[in-house]
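As structure tokens, the structure follows; a few thoughts come after it.
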Amino acid sequence: MEQVTRVLIVDDDPLVRSGLRMMLSGAEDIEVVAEAADGTEVLPLVDAHRPDLVLMDIRMPRMDGLRATAELRRGTRPPEVLILTTFTTDGYVLEALRAGAAGYVLKHTPPAQIVAAVRNIAAGEPVLSPAAVKQLIGAVTAADGTAADDSPAGRPDDRGEAERLLGLLGPREREVALAVAQGSTNAEISASLYMSVPTVKAHVSHILTKLGLNNRVQIALVVYRAGLA
């Protein structure tokens, strides 16, 4: 049987929520299990419905999606988060990824691509293209060093720290990390490095654990900061 991805939709606009529900419910492998109108509702609904993925807006009246994502991802075995918003500023993108979001998609994206993004994240793949990752890295490494935080992926001016983190990895893990930074999927990494897909997934999991990161995009941030991609 095909595995079904359980989704929680979070958006303060009821029309947007209705449209997303209709869009996602048309896919046989996706089930919308609940809806929320504000970030304050996310944690209780996740506890009640145990979704695999949260489709999260940013701008909401009481708690925005960035804060809700950060709180959610600090929990035990949290669902993945896909940011779906109209805002494209680098600050929002970077803060969302640092908070632990697995992807960032704009609301004007064609419906089929939003569905594909949900499937990709459910399969453990990032939704950002290599070009988008490079754009983010350019903002992270900007000379002004804005939007820094204390996470390993959030030190925009500390190349030495990024190099130290990569030094914690074994040779094969470093190869996988470089491939992840180039936007390669697990299948592509498997083919290029001559290892099975389960082995690639295991390496990615080990990298995340060793570096204290949340997702593949944060791996890419560290690799780019170290000047290796």
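Because the structure is predicted, anything quoted here is derived from the model rather than measured.
- Remark: Leu208 engages Val204, Leu213, Ile219 in a side chain to side chain contact (heavy atoms under 4.5 Å, CB included) (not counting sequence neighbours).
- For the side chain to side chain contact (heavy atoms under 4.5 Å, CB included) criterion with Val118, the lone passing option out of Leu24, Asp29, Leu84 is Leu24.
- Side-chain atoms of Arg73 come within 3.5 Å of backbone N or O of Pro79 as a donor-acceptor pair.
- For residues 204-222, every residue pair satisfying the salt bridge (Lys or Arg N to Asp or Glu O under 4.0 Å) rule, not counting sequence neighbours, is listed here: Glu125-Arg216, Glu173-Lys210.
- For the residue pair Ala220 and Ala181, the shortest heavy atom distance occurs at CB-CA, 3.7 Å.
- Scanning both residues, Ala102 and Glu80, for their nearest heavy atoms gives CB-OE1, 3.6 Å.
- Met195 has its side chain within reach of Val176: a pair of non-hydrogen atoms, C-beta onward, lies under 4.5 Å apart.
- Every residue meeting the side chain to side chain donor-acceptor pair (under 3.5 Å) condition with Thr199, not counting sequence neighbours, appears here in chain and number order: Ser196.
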Quick one: side chains of residues 48-62, donor-acceptor pairs under 3.5 Å with protein atoms, not counting sequence neighbours, listed by atom name and distance.
residue, atom, partner, partner atom, Å
Asp52, OD2, Arg6, N, 2.7
Arg59, NE, Tyr92, OH, 2.9
Arg59, NH2, Tyr92, OH, 3.0

What's the verdict on side-chain contact (heavy atoms from CB on, under 4.5 Å) for Thr5 and Arg119, showing C-alpha distance, side-chain angles and the deciding distance? CA-CA 8 Å; Thr5 300; Arg119 287 173 173 153; over 6 Å; no
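- The residue from Val105, Thr69, Val7 that alone fulfils the side chain to side chain contact (heavy atoms under 4.5 Å, CB included) condition with Leu82 is Val105.
- For Lys201, there are no side chain to side chain donor-acceptor pair (under 3.5 Å) partners at least two apart in sequence or on another chain.
- For Asp38, the side chain to side chain donor-acceptor pair (under 3.5 Å) test picks out Thr40, with sequence neighbours left out.
- A side-chain donor-acceptor contact under 3.5 Å links Glu188 to the backbone of Thr185.
- Under the salt bridge (charged side-chain N to carboxylate O under 4.0 Å, His left out) criterion, Glu35 pairs with Arg17, Arg21, not counting sequence neighbours.
- Qualifying side chain to side chain contact (heavy atoms under 4.5 Å, CB included) partners for Ala70, counting only residues two or more places apart in sequence or in other chains: Arg74, Ala99.
- Follow the hydrophobic side-chain contacts under 4.5 Å out from Met63 and you never reach Val42; the two are in separate clusters.
- Under the rule for a side chain to side chain donor-acceptor pair (under 3.5 Å), Glu31 has no partner lying at least two apart in sequence or in another chain.
- In this structure, the side chain of Ser190 does not engage the main chain of Asn186 through any donor-acceptor pair within 3.5 Å.
- Note that CD1 of Ile114 is 6.5 Å distant from CG of Leu20, once rounded to the nearest 0.5 Å.
- The CG atom of Leu106 lies 8.0 Å from the OG1 atom of Thr86; values are rounded to the nearest 0.5 Å.
- Asp11 and Lys107 are joined by a salt bridge, as a carboxylate oxygen and a charged side-chain nitrogen come within less than 4.0 angstrom of each other.
- Using a 4.0 Å cut-off between a side-chain N of Lys or Arg and a carboxylate O of Asp or Glu, Glu175 and Arg172 qualify as a salt bridge.
- Residues satisfying the side chain to side chain contact (heavy atoms under 4.5 Å, CB included) test with Ala96, not counting sequence neighbours, are Leu66, Ile83, Ala101, Tyr104.
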Decide yes or no on side-chain contact (heavy atoms from CB on, under 4.5 Å) for Leu169 and Leu211, but give the supporting numbers first. CA-CA 9 Å; Leu169 304 179; Leu211 304 191; 4.1 Å; yes
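- Note that CG of Asp64 and CD of Glu95 are 7.0 Å apart. Values are rounded to the nearest 0.5 Å.
- Residues meeting the salt bridge (charged side-chain N to carboxylate O under 4.0 Å, His left out) test with Glu163, sequence neighbours left out: Arg159.
- Partners of Arg174 according to the salt bridge (charged side-chain N to carboxylate O under 4.0 Å, His left out) rule, which considers only residues two or more places apart in sequence or in another chain, do not exist here.
- For the pair Ser25 (side chain) and Met22 (backbone), a donor-acceptor distance under 3.5 Å is absent.
- Among all heavy-atom pairs drawn from Val115 and Ile30, the shortest one is CG1-CD1, 3.9 Å.
- In plain terms, the two heavy atoms of Val46 and Leu8 that are nearest each other are CG2-CD2, 3.9 Å.
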